[in-house]
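Below you'll find the structure, written out as structure tokens, and then a few comments.
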Amino acid sequence: MDAFIDDYQQRFSATWSDDTPIDRVRFIALDSETTGLNPQTDRIITIGAVAVQGGDIVFEDSFEALLQMSRNTSAVTVHGITRDETRGGIEEPEALRRFLDYLQDGVIVGHHIGHDISTLNAGYQRHWGVELMNRHLDTMDLTLHLERSGAFEGEERIREFTLDSLCTRFGIIPHDRHTAGGDAFITAQIFQRLLRLAARHGRDQLGALCEPFLD
């Protein structure tokens, strides 16, 4: 086992618990751009992340990586990154190692975060036979929990589940959409607003904040 994997896993011997107050947790707003939607066959092109702690976005605690990719796919119409633009990027194992060093035991936050985590896990399995151990929460799940709790009373019911729809709801200008760094920052801004609402509606501990939404 590589030493950096062992160091990463050791961090979870004393990490956040269900009853940890949310203002003590280091959250990591995460986004990635990939070559497609199949975690097993597609690859990550860019990773963007920024920490949120104590309700603040911590700009100095951020991460970005551009990875080399072997071919162009139809996903280039979404993120606009071509193979030629990634020639100066780093190889996948190095990017994943650096990201794990940055992530530590932070709680991952993302919008429809399942795809990002599945694609990262496929990479970690491919190179080291391990997967991420971090807790994670989906901004859409948290938004729906808060709607059910009455946090948006008097507002139109949520019918769209996109990152753009949450930007509209919270008055956030979506700069740099469909870039990993840009979407991570947008997600962090949305999460800031959700944290304030969560604290007022009984979700001031980590376990309740991370609860999946079951309709």
* Asked: Does the side chain of T179 come within less than 4.5 Å of E33's, by heavy atoms?
  -> no
* By side chain to side chain contact (heavy atoms under 4.5 Å, CB included) - contacts of T15 (at least two apart) -> F12, D105
* Scan side-chain atoms only and decide if Y8 and N134 contain a donor-acceptor pair under the 3.5 Å cut-off. => yes
* Asked: Which atom names give the shortest non-hydrogen contact between A29 and A184, and what distance separates them?
  -> CB-O, 3.5 Å
* Is V58 reachable from I172 through a run of I, L, V, M, F, W or Y residues, each pair having side-chain heavy atoms under 4.5 Å apart? -> no
* M140 side chain near T143 side chain, heavy-atom distance below 4.5 Å -> yes
* **Q125 side, atom CD; E131 side, atom CD - distance, nearest 0.5 Å** => 4.5 Å
* Residues T187, H111; criterion side-chain hydrogen bond (donor to acceptor under 3.5 Å, both in side chains); working and verdict -> CA-CA 7 Å; T187 300; H111 192 73; over 6 Å; no
* Cluster check I113, L166: I/L/V/M/F/W/Y, side chain < 4.5 angstrom -> no
* Taking atom NE2 of H201 and atom CZ of F152, what is their separation to the nearest 0.5 Å? -> 8.0 Å
* Structure fact -> Rounding to 0.5 Å, atoms NE2 (H175) and SG (C167) come to a distance of 10.5 Å
* To do: Decide yes or no for Y124 and L100: does some side-chain heavy atom of the first lie under 4.5 Å from some side-chain heavy atom of the second?
  => yes
* To do: Say whether I28 and V52 are linked into one hydrophobic cluster, either directly or through other cluster members, by side-chain heavy-atom distances under 4.5 angstrom.
  => no
* Please examine the side chains of T35 and I45, heavy atoms only from C-beta on, and report whether any two atoms are closer than 4.5 Å. => yes
* Asked: Got a sec, which residues hit salt bridge (Lys or Arg N to Asp or Glu O under 4.0 Å) with E155, two or more places apart in sequence or on another chain?
  -> R169
* **Residues in salt bridge (Lys or Arg N to Asp or Glu O under 4.0 Å) contact with D164, at least two apart in sequence or another chain** => R177
* Asked: Which pair of heavy atoms, one from P174 and one from I186, lies closest together, and at what distance?
  -> CA-CD1, 3.7 Å
* Looking at I47 and L30, what are the two nearest heavy atoms and their distance? -> CG2-CD1, 3.8 Å
* To do: Could you list all the salt bridge (charged side-chain N to carboxylate O under 4.0 Å, His left out) pairs where at least one residue sits in residues 8-21, not counting sequence neighbours?
  => D18-R135
* **Side chain proximity check, L197 to F170, heavy atoms < 4.5 angstrom** => yes
* Under 4.5 Å between side-chain heavy atoms, hopping through other hydrophobics if needed: is there a path connecting L103 to F27? -> no
* To do: Applying salt bridge (Lys or Arg N to Asp or Glu O under 4.0 Å), name anything that partners E211, two or more places apart in sequence or on another chain.
  => R203
* Would you please name every residue forming a salt bridge (Lys or Arg N to Asp or Glu O under 4.0 Å) with R26, sequence neighbours left out? => D61
* Structure fact -> Closest non-hydrogen contact found for D141 with P212 is OD2-CA, 3.6 Å
* Asked: Under a 4.5 Å side-chain heavy-atom rule over Ile, Leu, Val, Met, Phe, Trp and Tyr, are I117 and L96 clustered together?
  -> yes
* Asked: Does a donor on one side chain and an acceptor on the other come within less than 3.5 Å for D42 and T34?
  -> no
